[in-house]
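Within every chain, numbering begins at 1; the chains are lettered A, B, ... in the order of the sequence lines, protein sequences first and strands thereafter. Computed from a predicted structure; not experimentally measured.
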Amino acid sequence: MSHLDIEHRIARIEAVHEIQNLMGHMTYMYEGGEYERMLSLFAQHTDGVTAEMAVFGQAQGLDGARKVIVEFWQNQYKRHEAEMRKRWPEDANETGRNGILDLQALSSPVIEVADDLKTAKGMWYAPTIATEFHPGDDIPSGHNVWLKFAVDFIMEDGKWKIWHYHILPSFNTVVGKSWVEGSLAMEDMLKSMPPDAMPPALGPVTAYHAYSVHEPPANDPRPPEPYRTFDETFSY
Amino acid sequence: MELYTTEQLTERWEAHNEICNLVGRFSFYELLRDTETIKRRLWCEDAEGASLGLNDGYYIGIAEIRKYYDAVKASDLCKAAIAKDRHHDVFEGKAADDIIGVGSLMVLNLTTPVLEIAKDMKTAKGLWSFMGGSVEHHAPGGPSAVNRWGRIGIDFVKESTGWRIWHMIVAVDFEAPMGENWVMPNIFPEPLIPFTMQRKNHELYHERRVYTSFPEVPVAYGTFAETFSYGPEDN
(Lines give C-alpha, C1' and ligand atoms only; values in the text may rest on other atoms or scores of the structure.)
Protein backbone atom coordinates (compact mmCIF):
# COMPACT_ATOMS: atom_id res chain seq x y z
CA MET A 1 0.00 0.00 0.00
CA SER A 2 1.39 3.42 -0.97
CA HIS A 3 2.40 5.93 1.69
CA LEU A 4 0.96 8.76 -0.42
CA ASP A 5 -2.60 10.01 -0.16
CA ILE A 6 -4.99 9.23 -2.95
CA GLU A 7 -5.02 12.65 -4.60
CA HIS A 8 -1.25 12.51 -4.77
CA ARG A 9 -1.30 9.05 -6.32
CA ILE A 10 -3.84 10.14 -8.92
CA ALA A 11 -1.74 13.20 -9.75
CA ARG A 12 1.27 10.92 -10.35
CA ILE A 13 -0.78 8.73 -12.67
CA GLU A 14 -2.01 11.76 -14.60
CA ALA A 15 1.59 13.01 -14.81
CA VAL A 16 2.66 9.88 -16.69
CA HIS A 17 0.06 10.50 -19.36
CA GLU A 18 0.78 14.22 -19.58
CA ILE A 19 4.45 13.41 -20.07
CA GLN A 20 3.64 10.85 -22.76
CA ASN A 21 1.57 13.50 -24.49
CA LEU A 22 4.35 16.07 -24.14
CA MET A 23 6.83 13.72 -25.81
CA GLY A 24 4.26 12.95 -28.46
CA HIS A 25 3.88 16.67 -29.19
CA MET A 26 7.66 17.01 -29.32
CA THR A 27 7.80 14.20 -31.86
CA TYR A 28 5.08 15.58 -34.11
CA MET A 29 6.57 19.08 -34.00
CA TYR A 30 9.94 17.64 -35.00
CA GLU A 31 8.36 15.74 -37.89
CA GLY A 32 6.75 18.98 -39.08
CA GLY A 33 9.96 21.00 -38.80
CA GLU A 34 8.48 23.16 -36.02
CA TYR A 35 11.75 23.45 -34.18
CA GLU A 36 10.97 26.79 -32.50
CA ARG A 37 7.73 25.37 -31.12
CA MET A 38 9.69 22.45 -29.69
CA LEU A 39 11.53 24.97 -27.52
CA SER A 40 8.24 26.03 -25.96
CA LEU A 41 8.01 22.56 -24.39
CA PHE A 42 11.16 23.25 -22.39
CA ALA A 43 11.07 24.91 -18.97
CA GLN A 44 11.12 28.64 -19.67
CA HIS A 45 12.24 30.08 -16.35
CA THR A 46 13.68 27.19 -14.36
CA ASP A 47 17.41 27.03 -13.77
CA GLY A 48 19.49 24.22 -15.14
CA VAL A 49 17.87 23.47 -18.52
CA THR A 50 20.18 21.33 -20.64
CA ALA A 51 20.02 19.75 -24.09
CA GLU A 52 22.50 17.23 -25.46
CA MET A 53 22.75 15.23 -28.63
CA ALA A 54 25.29 12.61 -29.62
CA VAL A 55 28.87 13.89 -29.66
CA PHE A 56 27.97 17.55 -29.65
CA GLY A 57 28.07 17.91 -25.89
CA GLN A 58 25.66 19.26 -23.32
CA ALA A 59 24.38 22.76 -24.00
CA GLN A 60 23.22 24.89 -21.08
CA GLY A 61 20.09 26.94 -20.65
CA LEU A 62 17.38 27.73 -23.17
CA ASP A 63 19.96 29.37 -25.44
CA GLY A 64 21.90 26.12 -25.45
CA ALA A 65 18.73 24.12 -26.09
CA ARG A 66 18.06 26.41 -29.07
CA LYS A 67 21.42 25.42 -30.57
CA VAL A 68 20.60 21.70 -30.25
CA ILE A 69 16.87 21.71 -31.04
CA VAL A 70 16.54 24.56 -33.51
CA GLU A 71 19.79 25.70 -35.12
CA PHE A 72 21.27 22.25 -35.75
CA TRP A 73 18.20 21.04 -37.66
CA GLN A 74 17.70 24.34 -39.49
CA ASN A 75 21.30 24.19 -40.74
CA GLN A 76 20.96 20.53 -41.62
CA TYR A 77 17.91 21.14 -43.78
CA LYS A 78 19.24 24.30 -45.40
CA ARG A 79 21.65 22.05 -47.24
CA HIS A 80 18.81 19.71 -48.16
CA GLU A 81 16.75 22.64 -49.41
CA ALA A 82 19.63 23.94 -51.55
CA GLU A 83 20.06 20.57 -53.24
CA MET A 84 16.30 20.21 -53.77
CA ARG A 85 16.07 23.61 -55.46
CA LYS A 86 18.98 22.70 -57.74
CA ARG A 87 17.47 19.35 -58.62
CA TRP A 88 13.88 20.49 -59.06
CA PRO A 89 13.92 24.25 -59.66
CA GLU A 90 10.39 24.07 -61.08
CA ASP A 91 8.94 23.09 -57.68
CA ALA A 92 7.48 25.90 -55.56
CA ASN A 93 9.00 24.51 -52.34
CA GLU A 94 7.48 27.34 -50.31
CA THR A 95 8.58 26.04 -46.93
CA GLY A 96 11.90 24.65 -48.09
CA ARG A 97 10.94 21.28 -46.69
CA ASN A 98 9.99 19.47 -49.87
CA GLY A 99 11.21 15.88 -49.83
CA ILE A 100 11.78 15.72 -46.09
CA LEU A 101 10.35 12.72 -44.26
CA ASP A 102 11.39 12.53 -40.61
CA LEU A 103 9.35 10.08 -38.56
CA GLN A 104 9.93 8.98 -34.99
CA ALA A 105 8.24 6.14 -33.10
CA LEU A 106 8.68 6.46 -29.35
CA SER A 107 8.64 2.99 -27.88
CA SER A 108 9.54 0.99 -24.75
CA PRO A 109 8.80 3.84 -22.33
CA VAL A 110 10.00 3.81 -18.71
CA ILE A 111 8.56 6.82 -16.86
CA GLU A 112 8.98 7.56 -13.15
CA VAL A 113 7.29 10.47 -11.44
CA ALA A 114 8.87 11.67 -8.20
CA ASP A 115 6.82 11.23 -5.05
CA ASP A 116 6.98 14.99 -4.53
CA LEU A 117 5.45 15.57 -8.00
CA LYS A 118 8.07 18.23 -8.79
CA THR A 119 10.09 16.23 -11.32
CA ALA A 120 9.88 13.11 -13.44
CA LYS A 121 12.24 11.03 -15.57
CA GLY A 122 11.60 9.12 -18.76
CA MET A 123 13.45 6.97 -21.23
CA TRP A 124 12.28 5.82 -24.66
CA TYR A 125 13.85 3.93 -27.51
CA ALA A 126 12.85 5.25 -30.93
CA PRO A 127 13.30 3.72 -34.35
CA THR A 128 13.19 6.70 -36.68
CA ILE A 129 13.70 7.55 -40.31
CA ALA A 130 15.16 10.69 -41.79
CA THR A 131 15.50 11.94 -45.36
CA GLU A 132 18.28 14.15 -46.63
CA PHE A 133 19.64 15.31 -49.94
CA HIS A 134 23.38 14.92 -49.76
CA PRO A 135 25.56 17.06 -52.05
CA GLY A 136 26.57 15.03 -55.08
CA ASP A 137 23.57 12.70 -54.95
CA ASP A 138 20.85 12.66 -57.57
CA ILE A 139 17.92 12.26 -55.17
CA PRO A 140 17.43 12.44 -51.40
CA SER A 141 18.48 9.46 -49.29
CA GLY A 142 16.44 7.67 -46.70
CA HIS A 143 18.17 6.98 -43.39
CA ASN A 144 17.40 4.65 -40.53
CA VAL A 145 18.28 6.37 -37.26
CA TRP A 146 17.57 4.49 -34.06
CA LEU A 147 18.08 6.38 -30.87
CA LYS A 148 17.47 6.63 -27.14
CA PHE A 149 15.72 9.59 -25.47
CA ALA A 150 16.60 10.26 -21.83
CA VAL A 151 14.62 13.16 -20.40
CA ASP A 152 14.08 14.83 -17.03
CA PHE A 153 10.87 16.80 -16.64
CA ILE A 154 9.99 19.55 -14.19
CA MET A 155 6.69 20.99 -13.06
CA GLU A 156 6.59 24.68 -14.01
CA ASP A 157 3.53 26.86 -13.53
CA GLY A 158 1.29 23.83 -13.25
CA LYS A 159 2.55 22.16 -16.45
CA TRP A 160 5.15 19.52 -17.11
CA LYS A 161 8.11 20.83 -19.06
CA ILE A 162 11.35 19.39 -20.38
CA TRP A 163 14.24 20.14 -18.05
CA HIS A 164 17.15 17.94 -19.25
CA TYR A 165 16.91 16.55 -22.76
CA HIS A 166 19.36 13.97 -24.05
CA ILE A 167 19.27 12.28 -27.46
CA LEU A 168 21.59 9.35 -28.04
CA PRO A 169 21.57 7.93 -31.57
CA SER A 170 22.65 4.29 -31.69
CA PHE A 171 23.18 4.46 -35.43
CA ASN A 172 22.41 6.48 -38.55
CA THR A 173 22.60 4.46 -41.75
CA VAL A 174 21.36 4.84 -45.28
CA VAL A 175 18.41 2.51 -45.92
CA GLY A 176 19.65 -0.81 -47.22
CA LYS A 177 22.90 -0.60 -45.29
CA SER A 178 23.20 -2.33 -41.95
CA TRP A 179 24.18 -0.60 -38.74
CA VAL A 180 27.16 -2.91 -38.60
CA GLU A 181 28.49 -1.41 -41.83
CA GLY A 182 27.52 2.03 -40.54
CA SER A 183 29.50 1.45 -37.37
CA LEU A 184 32.57 0.47 -39.34
CA ALA A 185 32.16 3.49 -41.58
CA MET A 186 31.32 5.92 -38.75
CA GLU A 187 34.73 7.47 -38.55
CA ASP A 188 34.79 8.03 -42.31
CA MET A 189 31.30 9.51 -42.15
CA LEU A 190 32.24 12.03 -39.50
CA LYS A 191 35.31 13.01 -41.48
CA SER A 192 33.26 13.52 -44.63
CA MET A 193 30.71 15.85 -43.02
CA PRO A 194 31.18 19.45 -44.15
CA PRO A 195 32.76 21.61 -41.43
CA ASP A 196 29.62 23.68 -40.92
CA ALA A 197 27.58 20.52 -40.29
CA MET A 198 29.34 20.10 -37.00
CA PRO A 199 28.54 22.87 -34.59
CA PRO A 200 31.30 23.83 -32.21
CA ALA A 201 31.32 21.68 -29.09
CA LEU A 202 28.49 22.87 -26.93
CA GLY A 203 29.85 21.44 -23.72
CA PRO A 204 31.17 18.22 -22.26
CA VAL A 205 29.69 14.93 -23.47
CA THR A 206 28.07 13.48 -20.37
CA ALA A 207 27.35 10.06 -21.88
CA TYR A 208 27.29 8.75 -25.42
CA HIS A 209 27.80 5.26 -26.81
CA ALA A 210 26.86 4.86 -30.45
CA TYR A 211 26.46 1.32 -31.68
CA SER A 212 29.87 -0.19 -32.33
CA VAL A 213 30.69 -3.65 -33.55
CA HIS A 214 33.67 -3.42 -31.17
CA GLU A 215 31.81 -2.38 -28.03
CA PRO A 216 29.31 -4.06 -25.69
CA PRO A 217 26.06 -2.15 -25.12
CA ALA A 218 26.32 0.50 -22.42
CA ASN A 219 23.79 1.17 -19.67
CA ASP A 220 24.55 4.85 -19.64
CA PRO A 221 22.29 6.66 -19.30
CA ARG A 222 20.22 4.03 -17.56
CA PRO A 223 16.42 3.77 -17.31
CA PRO A 224 14.94 5.65 -14.37
CA GLU A 225 14.02 4.02 -11.05
CA PRO A 226 11.31 5.11 -8.60
CA TYR A 227 12.43 8.07 -6.47
CA ARG A 228 11.05 10.55 -3.97
CA THR A 229 12.87 13.81 -4.69
CA PHE A 230 15.29 14.79 -7.46
CA ASP A 231 18.28 15.03 -5.14
CA GLU A 232 17.94 11.27 -4.58
CA THR A 233 18.33 10.38 -8.24
CA PHE A 234 20.69 11.00 -11.14
CA SER A 235 20.29 13.65 -13.83
CA TYR A 236 19.98 13.15 -17.55
CA MET B 1 -19.37 -0.61 -17.20
CA GLU B 2 -17.50 -1.66 -14.09
CA LEU B 3 -17.80 0.59 -11.07
CA TYR B 4 -14.70 0.92 -8.95
CA THR B 5 -14.00 3.00 -5.88
CA THR B 6 -11.50 5.83 -6.23
CA GLU B 7 -8.94 3.74 -4.38
CA GLN B 8 -9.49 0.80 -6.72
CA LEU B 9 -9.25 2.98 -9.82
CA THR B 10 -6.06 4.52 -8.53
CA GLU B 11 -4.56 1.09 -7.90
CA ARG B 12 -5.56 -0.09 -11.37
CA TRP B 13 -3.87 2.88 -13.08
CA GLU B 14 -0.81 2.50 -10.88
CA ALA B 15 -0.68 -1.15 -11.96
CA HIS B 16 -0.99 -0.04 -15.60
CA ASN B 17 1.99 2.30 -15.26
CA GLU B 18 4.06 -0.21 -13.30
CA ILE B 19 3.51 -2.87 -15.98
CA CYS B 20 4.36 -0.44 -18.79
CA ASN B 21 7.59 0.36 -16.98
CA LEU B 22 8.34 -3.35 -16.48
CA VAL B 23 7.95 -3.97 -20.20
CA GLY B 24 10.05 -0.91 -21.03
CA ARG B 25 12.75 -2.20 -18.71
CA PHE B 26 12.55 -5.62 -20.36
CA SER B 27 13.31 -3.92 -23.67
CA PHE B 28 16.31 -2.05 -22.24
CA TYR B 29 17.71 -5.11 -20.39
CA GLU B 30 17.47 -7.09 -23.64
CA LEU B 31 19.44 -4.30 -25.31
CA LEU B 32 22.06 -4.54 -22.57
CA ARG B 33 22.14 -8.38 -22.76
CA ASP B 34 21.47 -8.34 -19.02
CA THR B 35 19.89 -11.77 -18.66
CA GLU B 36 20.57 -11.86 -14.91
CA THR B 37 18.36 -8.84 -14.24
CA ILE B 38 15.69 -10.12 -16.60
CA LYS B 39 15.59 -13.41 -14.66
CA ARG B 40 15.81 -11.87 -11.19
CA ARG B 41 13.79 -8.69 -11.50
CA LEU B 42 11.24 -9.17 -14.26
CA TRP B 43 10.14 -12.81 -14.22
CA CYS B 44 7.93 -14.28 -11.52
CA GLU B 45 9.39 -16.21 -8.63
CA ASP B 46 6.48 -17.98 -7.00
CA ALA B 47 3.72 -18.31 -9.59
CA GLU B 48 3.09 -21.81 -10.87
CA GLY B 49 3.14 -22.65 -14.53
CA ALA B 50 5.39 -19.87 -15.78
CA SER B 51 6.17 -20.24 -19.47
CA LEU B 52 8.22 -18.63 -22.21
CA GLY B 53 7.00 -19.40 -25.71
CA LEU B 54 8.82 -18.87 -29.00
CA ASN B 55 7.69 -19.67 -32.54
CA ASP B 56 8.44 -23.39 -32.24
CA GLY B 57 7.87 -24.32 -28.60
CA TYR B 58 7.68 -23.45 -24.92
CA TYR B 59 9.94 -23.46 -21.91
CA ILE B 60 7.68 -24.37 -19.00
CA GLY B 61 8.38 -23.64 -15.36
CA ILE B 62 10.59 -20.90 -13.99
CA ALA B 63 13.56 -23.27 -13.69
CA GLU B 64 13.44 -24.02 -17.43
CA ILE B 65 13.03 -20.33 -18.25
CA ARG B 66 16.09 -19.49 -16.20
CA LYS B 67 18.02 -22.22 -18.01
CA TYR B 68 16.99 -20.60 -21.29
CA TYR B 69 18.38 -17.24 -20.15
CA ASP B 70 21.55 -18.96 -18.97
CA ALA B 71 21.84 -20.40 -22.47
CA VAL B 72 21.35 -16.92 -23.92
CA LYS B 73 24.18 -15.67 -21.73
CA ALA B 74 26.39 -18.57 -22.80
CA SER B 75 25.61 -17.74 -26.43
CA ASP B 76 26.51 -14.09 -25.83
CA LEU B 77 29.80 -15.18 -24.27
CA CYS B 78 30.50 -17.32 -27.32
CA LYS B 79 29.83 -14.33 -29.58
CA ALA B 80 32.14 -12.23 -27.44
CA ALA B 81 34.82 -14.88 -27.86
CA ILE B 82 34.33 -14.80 -31.65
CA ALA B 83 34.65 -11.03 -31.65
CA LYS B 84 37.76 -11.24 -29.48
CA ASP B 85 39.24 -13.79 -31.82
CA ARG B 86 38.52 -11.65 -34.89
CA HIS B 87 39.82 -8.42 -33.40
CA HIS B 88 42.83 -9.25 -31.23
CA ASP B 89 44.11 -5.70 -31.38
CA VAL B 90 40.88 -4.15 -30.15
CA PHE B 91 40.24 -6.59 -27.31
CA GLU B 92 43.75 -7.38 -26.16
CA GLY B 93 43.81 -7.96 -22.43
CA LYS B 94 40.03 -8.39 -22.13
CA ALA B 95 38.21 -11.58 -21.29
CA ALA B 96 35.03 -12.55 -23.14
CA ASP B 97 33.15 -11.79 -19.91
CA ASP B 98 34.38 -8.20 -20.03
CA ILE B 99 32.90 -7.62 -23.47
CA ILE B 100 29.71 -9.69 -23.31
CA GLY B 101 27.17 -8.24 -25.71
CA VAL B 102 29.91 -6.74 -27.89
CA GLY B 103 28.57 -5.60 -31.22
CA SER B 104 25.03 -6.65 -30.38
CA LEU B 105 22.04 -4.41 -30.88
CA MET B 106 19.14 -6.50 -29.62
CA VAL B 107 16.46 -3.85 -29.90
CA LEU B 108 12.82 -4.57 -29.13
CA ASN B 109 10.91 -1.42 -29.95
CA LEU B 110 7.73 -2.31 -28.11
CA THR B 111 4.80 -0.36 -29.47
CA THR B 112 1.04 -0.41 -29.94
CA PRO B 113 0.20 -1.73 -26.48
CA VAL B 114 -3.12 -3.29 -25.48
CA LEU B 115 -3.05 -3.83 -21.74
CA GLU B 116 -5.84 -5.18 -19.53
CA ILE B 117 -5.73 -5.43 -15.75
CA ALA B 118 -7.97 -8.15 -14.29
CA LYS B 119 -10.85 -6.96 -12.17
CA ASP B 120 -9.45 -8.92 -9.24
CA MET B 121 -6.07 -7.15 -9.68
CA LYS B 122 -4.19 -10.47 -9.40
CA THR B 123 -3.16 -10.73 -13.06
CA ALA B 124 -2.92 -8.63 -16.21
CA LYS B 125 -2.49 -9.30 -19.94
CA GLY B 126 -0.72 -7.24 -22.56
CA LEU B 127 0.10 -7.44 -26.25
CA TRP B 128 2.78 -5.39 -28.01
CA SER B 129 4.14 -5.22 -31.51
CA PHE B 130 7.88 -5.09 -31.80
CA MET B 131 9.96 -3.73 -34.64
CA GLY B 132 13.41 -4.77 -33.67
CA GLY B 133 16.81 -5.74 -34.76
CA SER B 134 19.77 -7.75 -33.72
CA VAL B 135 23.25 -8.64 -34.86
CA GLU B 136 24.34 -12.11 -35.83
CA HIS B 137 27.99 -12.84 -35.27
CA HIS B 138 28.36 -16.14 -37.00
CA ALA B 139 28.18 -14.93 -40.60
CA PRO B 140 31.38 -15.79 -42.47
CA GLY B 141 32.03 -12.17 -43.32
CA GLY B 142 31.60 -10.99 -39.75
CA PRO B 143 28.65 -9.51 -37.84
CA SER B 144 25.52 -8.83 -39.82
CA ALA B 145 22.47 -6.82 -38.85
CA VAL B 146 19.05 -8.44 -38.84
CA ASN B 147 15.56 -6.95 -38.83
CA ARG B 148 13.16 -8.83 -36.57
CA TRP B 149 9.48 -7.90 -36.27
CA GLY B 150 6.62 -9.64 -34.51
CA ARG B 151 4.39 -9.53 -31.44
CA ILE B 152 4.83 -10.27 -27.76
CA GLY B 153 1.96 -11.41 -25.55
CA ILE B 154 2.53 -11.35 -21.81
CA ASP B 155 0.51 -12.45 -18.80
CA PHE B 156 1.57 -10.67 -15.62
CA VAL B 157 1.05 -11.80 -12.02
CA LYS B 158 1.10 -9.69 -8.88
CA GLU B 159 3.64 -11.03 -6.41
CA SER B 160 4.83 -9.64 -3.09
CA THR B 161 7.64 -7.77 -4.90
CA GLY B 162 5.34 -6.27 -7.50
CA TRP B 163 4.13 -7.13 -10.97
CA ARG B 164 6.11 -9.86 -12.73
CA ILE B 165 6.08 -11.70 -16.05
CA TRP B 166 4.19 -15.00 -15.77
CA HIS B 167 3.67 -16.20 -19.35
CA MET B 168 5.36 -14.72 -22.38
CA ILE B 169 4.99 -15.64 -26.03
CA VAL B 170 7.34 -14.06 -28.56
CA ALA B 171 5.91 -14.56 -32.03
CA VAL B 172 8.39 -13.50 -34.71
CA ASP B 173 6.89 -12.71 -38.12
CA PHE B 174 10.15 -12.26 -39.94
CA GLU B 175 13.83 -12.20 -39.34
CA ALA B 176 15.66 -10.91 -42.39
CA PRO B 177 19.12 -9.47 -42.98
CA MET B 178 19.07 -5.72 -43.03
CA GLY B 179 18.54 -4.43 -46.55
CA GLU B 180 16.95 -7.65 -47.75
CA ASN B 181 13.33 -8.19 -48.52
CA TRP B 182 11.46 -10.08 -45.82
CA VAL B 183 9.74 -12.00 -48.59
CA MET B 184 13.01 -13.90 -48.93
CA PRO B 185 12.97 -17.21 -47.02
CA ASN B 186 13.04 -16.76 -43.27
CA ILE B 187 14.81 -19.49 -41.42
CA PHE B 188 15.08 -19.68 -37.67
CA PRO B 189 18.20 -21.05 -36.07
CA GLU B 190 17.83 -24.08 -33.79
CA PRO B 191 16.69 -23.21 -30.25
CA LEU B 192 19.51 -22.58 -27.80
CA ILE B 193 18.27 -25.37 -25.55
CA PRO B 194 15.55 -27.96 -26.28
CA PHE B 195 12.01 -26.82 -25.61
CA THR B 196 10.09 -28.33 -22.73
CA MET B 197 7.20 -28.59 -25.17
CA GLN B 198 7.73 -28.54 -28.91
CA ARG B 199 4.84 -26.83 -30.69
CA LYS B 200 4.42 -24.78 -33.85
CA ASN B 201 3.02 -21.65 -32.25
CA HIS B 202 3.58 -19.25 -35.11
CA GLU B 203 4.88 -19.55 -38.64
CA LEU B 204 7.59 -17.27 -39.93
CA TYR B 205 6.48 -15.16 -42.88
CA HIS B 206 6.55 -16.68 -46.34
CA GLU B 207 4.71 -15.47 -49.38
CA ARG B 208 2.05 -18.18 -49.10
CA ARG B 209 1.57 -17.95 -45.35
CA VAL B 210 -2.03 -17.70 -44.23
CA TYR B 211 -2.33 -14.76 -41.86
CA THR B 212 -3.31 -15.53 -38.28
CA SER B 213 -3.73 -12.94 -35.58
CA PHE B 214 -1.36 -14.45 -33.06
CA PRO B 215 -0.97 -13.91 -30.21
CA GLU B 216 -4.56 -13.02 -29.44
CA VAL B 217 -5.42 -9.45 -28.47
CA PRO B 218 -6.51 -9.26 -24.81
CA VAL B 219 -9.91 -7.98 -23.74
CA ALA B 220 -11.17 -6.89 -20.34
CA TYR B 221 -11.65 -9.77 -17.88
CA GLY B 222 -12.55 -10.47 -14.27
CA THR B 223 -10.33 -13.35 -13.15
CA PHE B 224 -7.66 -15.32 -14.99
CA ALA B 225 -9.94 -18.35 -15.17
CA GLU B 226 -12.21 -16.35 -17.50
CA THR B 227 -9.56 -15.51 -20.10
CA PHE B 228 -7.02 -17.24 -22.32
CA SER B 229 -3.37 -17.76 -21.39
CA TYR B 230 -0.29 -16.62 -23.28
CA GLY B 231 1.17 -19.93 -22.15
CA PRO B 232 0.29 -23.32 -23.64
CA GLU B 233 -3.42 -24.05 -23.32
CA ASP B 234 -2.89 -27.07 -21.16
CA ASN B 235 -0.45 -25.37 -18.76
- Query: How far does CZ of B/Arg151 sit from OG of B/Ser213, to the nearest 0.5 angstrom?
  - Reply: 4.0 Å

- Test applied, ring-ring contact (aromatic ring centres under 6.0 Å, His included); reference residue, A/Trp163; option that passes from A/Phe230, A/Tyr236, A/Phe42: A/Phe230

- Query: Are side-chain N/O atoms of B/Thr161 and B/Arg41 paired as donor and acceptor at under 3.5 Å?
  - Reply: no

- Query: Who among A/Glu112, A/Lys148, A/Arg222 has the most heavy-atom pairs with chain B under 4.5 Å?
  - Reply: A/Glu112

- Note on the structure: Whatever's closer than 4.5 Å to a heavy atom in chain B on A/Glu225 counts as both

- Note on the structure: Okay, A/Pro223 and chain B: the region with an atom under 4.5 Å from a heavy atom over there is side chain

- Do any N or O atoms from the side chain of B/Asp34 and from the backbone of B/Thr37 form a donor-acceptor pair under 3.5 angstrom? yes

- Message: Heavy-atom pairs under 4.5 Å with chain A - which of B/Thr111, B/Val146, B/Asn17 has more of them than the others?
- Response: B/Asn17

- Engaged part of B/Val23 at the chain A interface, taking heavy atoms whose separation is under 4.5 Å: neither

- Which bit of B/Phe130 is near chain A, if near means a heavy-atom gap under 4.5 Å: side chain, backbone, both or neither? neither

- Message: Are the side chains of A/Phe234 and A/Tyr227 in contact, using a 4.5 Å heavy-atom criterion?
- Response: no

- Note: vs chain B, highest number of non-hydrogen pairs under 4.5 angstrom among A/His17, A/His214, A/Glu215 is A/His214

- Query: So what's closer than 4.5 Å to chain A heavy atoms on B/Ile100: side chain, backbone, both or neither?
  - Reply: backbone

- Query: Does B/Asn55 have any side chain to side chain donor-acceptor pair (under 3.5 Å) partners at least two apart in sequence or in another chain, and if so, which?
  - Reply: none

- Item | Residue B/Phe26 versus chain A: region with a heavy atom under 4.5 Å | neither

- With a 4.5 angstrom heavy-atom cut-off, could you sort out which part of B/Asn109 is near chain A: side chain, backbone, both or neither? both

- Could you tell me the separation between the OH atom of A/Tyr165 and the CD1 atom of A/Ile69, rounded to the nearest 0.5 Å? 5.0 Å

- If you count heavy-atom pairs under 4.5 Å between each of A/Leu106, A/Val113, A/Ile111, A/Val175 and chain B, which one has the most? A/Ile111

- Message: Below 4.5 Å, heavy-atom pairs only: which of B/Leu108, B/Asp98, B/Leu9, B/Val107 has the largest tally toward chain A?
- Response: B/Val107

- Sort A/Trp124 into side chain, backbone, both or neither according to what part of it lies under 4.5 angstrom from a heavy atom of chain B. backbone

- Query: Do side-chain atoms of B/Arg164 reach the backbone of B/Asp46 as a donor and acceptor pair under 3.5 angstrom?
  - Reply: no

- Item | Interchain contact, B/Leu22 with chain A, by part (heavy-atom threshold 4.5 Å) | neither

- Query: Any ion pair linking A/Glu156 and A/Lys161 (charged N to carboxylate O, less than 4.0 Å)?
  - Reply: no

